[in-house]
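Everything on this sheet refers to the single structure shown next.
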Amino acid sequence: MDLELSPRYVEFRDECRTWLRDNKPADPLASMDSSVGFEEHRLWERALFEGGWSVPAWPAAYGGRDCDLIEWLIYEEEYWASGVPGRVSANGVSLLAPTIFNFGTRAQQDYFLPRMAGGEHIWAQGWSEPEAGSDLAGIKTIAVRDGDDYVVNGQKIWCSRGKYADWIFCIVRTDPTAERHAGLSYLLVPADAPGITRRTVKRLDQESGFAEIFFDDCRVSADNVLGEPGQGWAVAMAAAGSERGLSLRSPGRFMAAAERLRELAVSEAGSGLDARLRDEVVDAWIRAEAYRWQTYFVAAELMAGGDLGSEASLMKVFWSEMDLELHATALRLLGDEAEVPSDWLDGYVFALGGPIYAGTNEIQRNIIAERVLGLPRR
Amino acid sequence: MLFAFTDEHDMFRDTVRGIFANQCSAEAIRESWDSADGRVRGLWSTLAEVGVLAIMAPTEAGGLGMDEVALVRVLEEAGYGGVPEPLVEHVAVAVPALATAGASEMLVSAISGESTCTVALATGGPNVVAQVAADLVVAEHSGSLLAVDSGALTVAPKDSIDQSRRLAEISFDPDAATLLAGADVALASDRAVLGTAAQCVGVARRLLDFTVEYVKERRQFGKPVGSYQAVKHHLANVRLAIEFSAPLVYRAAWSVAHSDDAAVRGRDVSMAKATASDAVDHSCRAALQCHGAIGYTYEYDLQIWLKRGWSLSGAYGTASQHRDRVAGTLGLLG
């Protein structure tokens, strides 16, 4: 075991750090969930792409720099420590791209990946429906083959970035006679297709974080099915592993948040820090370190040919609850100022969603118990 | 750079796991409770033969010349096996202290298994473990480490709820002891904390395995109790606690082995112990709850690991003591 970064990784880190420092926007961008902020964030995506830092883990042919997992983790640490804007492209880059790499045809890869990397296509996820949340296999949105197209009817909801996104990756039912996990397909839908209506669903903080998306005889080319028709569940679950595991929430953002929390505690503690709050701050810091080292060990296993599998559920529960508790501690430190809008309050509201999205933590704990520990399903 | 254990580490771990499984069964542990010295027959000499006692001794002194990274892997197994021998004290603390001080006779005797060492460190509080089995005590005194012969001690034995821990308060005449010149008290303490954290993780893993097996078999309302979501979530939480404490132990092991910065070393060790203590406490609670009444009995072997968990959780500092130490390194103590 050797936990010191070797010289080539140090060089990589320095290059990344320098670029982020030199290219950080002078002023904070507007919220990516507003029409103005969305386009500002798209420009930031473009800047990252032109600097070669949009999708560093991808092959060079698609705009990446062929980073290995360790380099990618270093990049993420630097990214979040630098205070540059968040990634409006996260749905696409973190969730869809691994699926396109695994299941896409060459034509799909050549078309979608460069456009995703450059910020030309910003993606939203169209999985959940009013009646299909944790029980995702209850999907009712139907896509009927008609010539070279599918005709889509139904409704998706809780689509982050859904109001302004250019494309939507959906799970739809292509075989109406099949039930549950069978007969589903993974369909890539242009958001401007006729027959699509998008409506904002305000989050509890009044931000327009989500959309509900209605499909009314919406025609989508059959070329846009990702993977085999009818195999949508398997294709989707491969992406769900990415979502829960490494690619959505690298340790970098939590390490940066824990350090900001430490600074907040030091600055708020002019008259001495309450012992219980001090313990909470320490815990946040320790957890971020734990997540960091666990991630590095997992990354090393993956690089040696291992498989993350159901263990991704352990990661998801851990980071989402760590993030929530970290922000709750920040609000307790702020005391009666906590209710006044601030980055900490925004962060708290965002973190509240963590245990719910990407598969609720109750579902994740079932997966841990059944697939990691081997307990009986029923 | 390698964020993983080497094949050598893994093979050594597997060897030790096999030894504990064969020679340190629950039955053997219960027998040790009835013995005068609290030891498992024959185990110490086997551990000497395969080099466990010599992990931290330099090769030129006949040791394995390995470091804390190899050590924590073995101590995790000792926790898993419920091993009652003073492995943390002997292997992690005493042997490297004797080696640093160039106390070659005492060192040779310790790594050959001829002698058994325990330690008396301020971080460990007044209760010395396994004094009754020890020939030598490496004791902290006025900022130094001394080697004290067992015969030179005044001893007041104390009971522990864990019958594998034969406690004693000791006193001695420092003038009759040997100074271990050059041996660092802070480093010795960090090693004791680190080794205990590793054992806590091993104990937690054993409690989880024990409980998973039980809830798969035990049926109520016509189904295995392990099929109920309430039980599943308890055990998923235990697995989470273990999953995110082990890497801090490995990280701390690496820091102790490689960092020259005592503050970094101390911070990493305390992060590991705080988390491992919490993990084992959590495991004890969940294991007992998921077993129900049978887990509450003396006859059922779960109690061996429950009691080890309770005692090791506080040994060489509780979670909150170690959190305070981390707070200090983070600039949170004002």
Side-chain angles (χ1 to χ4, degrees), chain A residues 1-9 70 258-259 262-263 265-266 269-273 275 277-279 281-283 285-287 289-301 303-304 311 313-315 317-318 321-322 361-362 364-370 372-378, chain B residues 1-6 9 67 69-70 208-209 211-213 215-216 223-229 231-240 243-251 253-255 257-258 267-268 270-272 274-275 278 319-320 322-327 329-334:
Chain A
M1 183 178 295
D2 179 6
L3 305 185
E4 198 107 299
L5 292 182
S6 50
R8 92 178 164 90
Y9 288 119
I70 300 295
E259 178 55 20
R262 188 191 73 81
E263 288 162 9
V266 170
S271 52
L273 189 56
L277 274 173
R278 188 176 65 224
D279 272 355
V281 175
V282 168
D283 263 336
W285 219 86
I286 292 177
R287 284 178 182 212
E289 280 289 302
Y291 188 64
R292 176 192 198 191
W293 292 108
Q294 174 61 4
T295 303
Y296 274 101
F297 290 126
V298 167
E301 270 179 51
M303 284 164 74
E311 311 237 323
S313 294
L314 290 159
M315 311 288 279
V317 172
F318 191 82
E321 294 178 1
M322 159 175 68
N361 286 11
E362 287 70 26
Q364 303 310 321
R365 284 185 163 89
N366 290 350
I367 293 173
I368 294 166
E370 290 163 15
V372 179
L373 300 180
L375 295 183
R377 286 202 65 192
R378 50 177 59 88
Chain B
M1 196 184 69
L2 178 66
F3 296 99
F5 289 97
T6 61
H9 289 143
D67 64 13
V69 175
L208 178 59
D209 284 357
T211 311
V212 164
E213 288 315 306
V215 302
K216 281 196 226 172
K223 300 199 301 186
V225 296
S227 67
Y228 294 104
Q229 217 167 37
V231 172
K232 283 179 176 169
H233 287 193
H234 272 315
L235 297 184
N237 286 337
V238 173
R239 177 62 197 246
L240 278 160
E243 189 84 358
F244 291 92
S245 58
L248 288 175
V249 172
Y250 306 151
R251 162 67 196 179
W254 193 85
S255 289
H258 296 279
R267 180 199 68 193
D268 288 353
S270 285
M271 289 202 294
T275 311
D278 281 347
S320 68
H322 284 287
R323 267 193 207 96
D324 283 352
R325 190 163 169 224
V326 176
T329 67
L330 295 180
L332 297 172
L333 287 185

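Letters A, B, ... are given to chains in the order of the sequence lines, protein chains preceding strands, and every chain is numbered from 1.
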Q.
Tell me whether the rings of B/His9 and B/Phe5 are parallel (<30°), tilted (30 to 60°) or perpendicular (>60°).
A. perpendicular
**Q.** Region of B/Val215 that comes under 4.5 Å of a non-hydrogen atom in chain A
**A.** side chain
Q | Contact leader toward chain A among B/Arg267, B/Glu243, B/Arg251, where contacts are heavy-atom pairs under 4.5 Å | A | B/Arg251
Q: Under 4.5 Å, counting heavy-atom pairs only, tell me which of A/Arg365, A/Arg287, A/Arg292 racks up the most with chain B.
A: A/Arg365
(Q) Under a 3.5 Å cutoff, is there a donor and acceptor pairing between the side chains of B/Arg325 and B/Ser270? (A) yes
Q: Can you tell which part of A/Glu259 gets under 4.5 Å to a heavy atom of chain B, answering side chain, backbone, both or neither?
A: neither
Q) Side chain, backbone, both or neither: which part of B/Tyr228 has an atom under 4.5 Å from a heavy atom of chain A? A) neither
**Q.** Option that, when pairs with chain A are counted at under 4.5 Å, heavy atom only, ranks first among B/Ala4, B/Ala257, B/Pro247
**A.** B/Pro247
Q. Top residue by heavy-atom pair count (under 4.5 Å) with chain A, among B/Val326, B/Val212, B/Leu330?
A. B/Leu330
Q. With a 4.5 Å limit on heavy-atom distance, are the side chains of A/Leu273 and A/Val266 in contact?
A. no
Q) Using non-hydrogen atoms only, which part of A/Arg262 is less than 4.5 Å away from chain B: side chain, backbone, both, or neither? A) both
Q.
Rounded at 0.5 Å granularity, tell me how far CE in A/Met315 sits from CZ in B/Phe244.
A. 5.0 Å
Q.
Please classify the contact between B/Leu248 and chain A as side chain, backbone, both or neither, with a heavy-atom cut-off of under 4.5 Å.
A. side chain
Q. Less than 4.5 Å apart, any side-chain heavy atom of B/His258 and any of A/Glu4?
A. no
Q. Chain B heavy atoms under 4.5 Å from A/Glu301: which part of the residue, side chain, backbone, both or neither?
A. neither
Q: For the residue pair B/Phe3 and A/Trp293, categorise the inter-ring angle as parallel (less than 30°), tilted (30 to 60°) or perpendicular (more than 60°).
A: tilted
Q. If you measure from CG on B/Leu235 to CG on B/Asp209, what distance do you get to the nearest 0.5 Å?
A. 10.5 Å
(Q) Counting heavy-atom pairs under 4.5 Å with chain A, which one of B/Ala236, B/Ser245, B/Pro224 comes out on top? (A) B/Ala236
(Q) Below 4.5 Å, heavy-atom pairs only: which of B/Val69, B/Thr6, B/Asn237 has the largest tally toward chain A? (A) B/Asn237
**Q.** Sidechain N-carboxylate O distance under 4.0 Å for A/Arg378, A/Glu370
**A.** no
Q: Return the option, out of B/Leu240, B/Leu333, B/Asp278, with the maximum number of heavy-atom pairs under 4.5 Å with chain A.
A: B/Leu240
Q. Most heavy-atom pairs under 4.5 angstrom with chain B, which of A/Asp279, A/Asn361, A/Val281?
A. A/Asp279
Q. Just how far is it from atom OH of A/Tyr296 to atom CE of A/Met303, taken to the nearest 0.5 Å?
A. 11.0 Å
